[in-house]
Amino acid sequence: RRQRQMCIRDSISTVSHELRTPLGCVKEAIAIICDQVVGQINDQQRKFLDIAKRNVDRLSVLVNDVLDFQKLEANKVRLNMQENDITEVAEEVYQTIACSAKKKGIEFSLNLENNLPKARFDSAKIIQVLTNLVNNAIKFTPQNGSVSVCIRRQGEELVIEVSDTGMGIPQESLPKIFDRFYRVHRPGKEIQGTGLGLAIVNKIVMM
């Protein structure tokens, strides 16, 4: 059974990896047409190209999430532990996501305690963790809501909090939110996603 599970896992990883190149080509082709490099397009054509682009982006996220999770689950990820500035990391995440939050009509704020000390952590992985958490918060927060990242010192540790004014998580679902592919069932309010974002966050934090 273990060999069979390993075989299935390897197959998923291989297929996901092989999808990256054609997806990149499709995305680039759509961008070329949208930019009217190869000729004028009308509003109706642009509308359908925008739909195609959104779905290619969604599929790219799924492929990347599957690959990231497979690497983490197979213990193929090594942390690059160095002294880093958490303020710089948080500000990079903020700058990356602020525009998409504004487009959705969500107030996104970053609250950093003054003179936060440097700490040893993998900068790229913490950026990934914060990005996943903030994107998740934005996804489940309605227009005119707010999302905030707060970082403060607590004894010898740095505490990072991501909070939002979204719909929240039912009490009975809390034990399952870090399970891979788990999605909270919301009749009439289903929001698209891979169900891997929080599982990836959990894996990295546990490491």
Side-chain angles (χ1 to χ4, degrees), residues 54 57-58 60-73 75-169 173-180 182-184 191-207:
R54 285 197 300 273
D57 288 342
R58 193 173 295 130
S60 294
V61 169
L62 174 59
V63 168
N64 288 330
D65 280 354
V66 169
L67 287 171
D68 285 344
F69 188 80
Q70 292 289 353
K71 287 177 185 175
L72 287 163
E73 198 170 48
N75 296 317
K76 290 182 178 179
V77 174
R78 294 292 174 264
L79 296 181
N80 180 21
M81 301 294 285
Q82 295 186 23
E83 191 172 79
N84 288 294
D85 189 337
I86 192 64
T87 298
E88 291 179 1
V89 166
E91 287 175 348
E92 181 176 335
V93 172
Y94 178 81
Q95 294 298 331
T96 303
I97 301 177
C99 187
S100 62
K102 187 176 180 180
K103 282 182 180 177
K104 195 180 173 184
I106 292 173
E107 181 185 349
F108 180 30
S109 60
L110 180 61
N111 305 303
L112 305 174
E113 188 177 289
N114 292 328
N115 302 316
L116 288 170
K118 289 190 174 183
R120 282 181 60 79
F121 59 89
D122 185 319
S123 179
K125 287 291 177 285
I126 293 301
I127 286 175
Q128 186 177 9
V129 164
L130 264 177
T131 300
N132 276 5
L133 289 175
V134 173
N135 277 330
N136 195 68
I138 290 172
K139 187 190 300 182
F140 291 96
T141 298
Q143 191 174 15
N144 299 321
S146 63
V147 172
S148 67
V149 176
C150 174
I151 304 180
R152 57 186 169 81
R153 192 195 311 215
Q154 182 175 288
E156 295 298 312
E157 298 179 332
L158 294 175
V159 178
I160 303 173
E161 297 174 343
V162 178
S163 57
D164 63 70
T165 58
M167 57 187 75
I169 302 170
S173 296
L174 289 174
K176 306 172 188 174
I177 60 172
F178 295 120
D179 294 350
R180 58 180 175 176
Y182 178 75
R183 306 284 310 286
V184 176
I191 295 175
Q192 291 183 330
T194 64
L196 285 172
L198 291 183
I200 290 170
V201 165
N202 186 55
K203 287 279 186 184
I204 292 173
V205 173
M206 288 300 102
M207 287 175 69

Student: Check for a donor-acceptor pair, side chain of K125 on one end and backbone N or O of I204 on the other, with a separation under 3.5 Å.
Tutor: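 Checking the backbone N and O of I204 against the side chain of K125, no donor-acceptor pair under 3.5 Å is found.
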
Student: Could you state the interatomic distance from CG (D85) to CZ (F121), rounded to the nearest 0.5 Å?
Tutor: 7.0 Å

Student: Below 3.5 Å, can you tabulate the donor-acceptor pairs from side chains in residues 145-153 to any protein atom, sequence neighbours excluded?
Tutor:
| unit_1 | atom_1 | unit_2 | atom_2 | d |
| --- | --- | --- | --- | --- |
| S148 | OG | S163 | OG | 2.8 |
| R152 | NH1 | Q154 | OE1 | 3.1 |
| R152 | NH2 | E161 | OE2 | 2.8 |
| R153 | NH2 | N115 | O | 3.4 |

Student: Distance check, rounded to the nearest 0.5 Å: Y94 atom OH versus N111 atom CG?
Tutor: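 Going from the OH atom of Y94 to the CG atom of N111 covers 9.5 Å.
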
Student: Quick one: do I86 and I126 satisfy side chain to side chain contact (heavy atoms under 4.5 Å, CB included)? Show the steps, please.
Tutor: CA-CA 9 Å; I86 192 64; I126 293 301; 4.1 Å; yes

Student: Which heavy atom of I106 sits nearest a heavy atom of T141, and at what distance?
Tutor: CD1-O, 3.3 Å

Student: Of the non-hydrogen atoms in T96 and E92, which two are nearest, and what is the gap between them?
Tutor: OG1-O, 2.8 Å

Student: Drop me the distance from K176's NZ to L198's CG, to the nearest 0.5 angstrom.
Tutor: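 If we round to the nearest 0.5 Å, K176:NZ and L198:CG are 15.0 Å apart.
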
Student: To the nearest 0.5 angstrom, please state how far the CD atom of Q95 sits from the CG atom of L110.
Tutor: 9.0 Å

Student: If you look at every heavy atom in A119 and L158, which pair is closest and at what distance?
Tutor: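 Taking A119 first and L158 second, the nearest heavy atoms are CB-CD1, 4.0 Å.
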
Student: Which atom names give the shortest non-hydrogen contact between F108 and A101, and what distance separates them?
Tutor: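 Nearest heavy atoms, F108 then A101: CB-CB, 3.8 Å.
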
Student: Rounded to the nearest 0.5 Å, how far apart are CD1 of I138 and NZ of K103?
Tutor: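 I138 atom CD1 to K103 atom NZ measures 12.0 Å (nearest 0.5 Å).
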
Student: Identify the two heavy atoms, one from R78 and one from D122, that lie closest to each other, and give their separation to 0.1 Å.
Tutor: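 Residues R78 and D122, closest heavy atoms: O-OD2, 4.2 Å.
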
Student: Could you state the interatomic distance from CG (N136) to OG1 (T131), rounded to the nearest 0.5 Å?
Tutor: 12.0 Å

Student: Go through the steps to decide whether E91 and L112 satisfy the test side chain to side chain contact (heavy atoms under 4.5 Å, CB included), and finish with yes or no.
Tutor: CA-CA 10 Å; E91 287 175 348; L112 305 174; 4.2 Å; yes

Student: Which atom names give the shortest non-hydrogen contact between K118 and E83, and what distance separates them?
Tutor: CB-CG, 3.7 Å

